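First the structure, in the form of structure tokens, and then the observations on it.
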Amino acid sequence: MANTIKFEIVTPDQLILSEEVDYVGVPGVQGQFGVLSNHIPFLSALAIGSLYYRKDGSVRYVFVSGGFAEVSPDSLTILAESAEKVEDIDLTRAKKAKERAEERLARQKDKIDYTRAEVALRRAIQRISAKEKAT
Ligand code: ATP
């Protein structure tokens, strides 16, 4: 058997991806980490950002937000609140979400609204960035 890992990304709505891959770079809350086959079992919360994976010599990007990465010696499972392959990211929608979040932050209402807008802004920025990385 080749040194690949079974890589899955699951959201509450759907299975985003299920493939045998060579390597995955994951945005963990404590920083980016890499997963190859035979990795020790490991659990990490996800940051808002893009992960990338290598398969058959090419690199692909996927936006992820919220959730966990579970690593075993032969698999990596990402359970995310939302995730989109880069080709499924709607750039116009992300730009509008960014503008909305920036407007809300400028109004600076109560702390809960502020934090919500900040996180929405991060999602929008990271979606735009994932799209840019892939082009
Ligand atoms: P928006 O304000 O545009 O809904 P959001 O950051 O609040 O953005 P999420 O709560 O992260 O959205 O996701 C809600 C659903 O919409 C998820 O299924 C997610 O995959 C999808 N989604 C959100 N933004 C985009 C986008 N720019 N392109 C493609 N799918 C998106």
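In each ligand, atom 1 is the first atom listed, and ligand 1 is the first ligand listed. This one's a predicted model, so the numbers in the text were calculated from it and none came from an experiment. Start at 1 with the first residue, then count along the sequence. Basis for what follows: all heavy atoms, side chains included, without hydrogens, waters or symmetry-related copies.
- Within ligand 1, the atoms closer than 4.0 Å to a non-hydrogen atom of Asp90 are 26 (C), 27 (N), 28 (N), 29 (C), numbered from 1 in the order shown.
- Counting heavy atoms of neighbouring residues, nucleotides and ligands inside a 6.0 Å radius, atom NZ of Lys95 does not exceed 12 of them.
- Listed here is the closest heavy atom pair of Ala94 and Arg127: CB-CB, 4.0 Å.
- Looking at Ser82 against ligand 1, only its side chain comes within 4.0 Å, counting heavy atoms.
- Taking every heavy atom of Ile89 and a limit of under 4.0 angstrom, the matching atoms of ligand 1 come to 28 (N), 29 (C).
- Closest to atom 19 (C) of ligand 1, if we only count protein heavy atoms, is Glu84 OE2, 3.1 Å.
- In the vicinity of Asp88, heavy-atom distances shorter than 4.0 Å reach the ligand 1 atoms 28 (N), 29 (C).
- No more than 12 heavy atoms of other residues, nucleotides or ligands shown are found within 6.0 angstrom of CZ on Arg116.
- Atoms OG and CZ, on Ser65 and Arg122 in that order, are 9.0 Å from each other to the nearest 0.5 Å.
- When all heavy atoms of Val26 and Ala69 are compared, the pair lying nearest together is CG1-CB, 4.2 Å.
- Scanning the protein heavy atoms around atom 9 (P) of ligand 1, the nearest turns out to be Arg127 NH2, 3.8 Å.
- Using modelled atom types, one side-chain atom of Lys131 and one backbone atom of Val86 make a donor-acceptor pair closer than 3.5 Å.
- Residue, atom and distance of the protein heavy atom nearest to atom 7 (O) of ligand 1 are Arg123 NH2, 3.2 Å.
- The heavy atom nearest to atom 14 (C) of ligand 1, considering only Gln14, Lys95, Arg93, is found in Arg93.
- Atom 2 (O) of ligand 1 has Arg100 NH2, 2.7 Å as its closest protein atom, hydrogens excluded (heavy atom only).
- Shortest contact from atom 18 (O) of ligand 1 to any protein heavy atom: Asp13 OD2, 3.8 Å.
- In this pair, Phe33 and Phe42 present their aromatic rings perpendicular. The plane angle is above 60°, beyond the 30 to 60° band.
- Residue Lys96 does not touch ligand 1, judged by heavy-atom distances below 4.0 Å.
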Inset, instruction - Carefully, step by step, assess Tyr114 and Leu105 under the rule side-chain contact (heavy atoms from CB on, under 4.5 Å). - result: CA-CA 6 Å; Tyr114 193 85; Leu105 286 174; 3.6 Å; yes
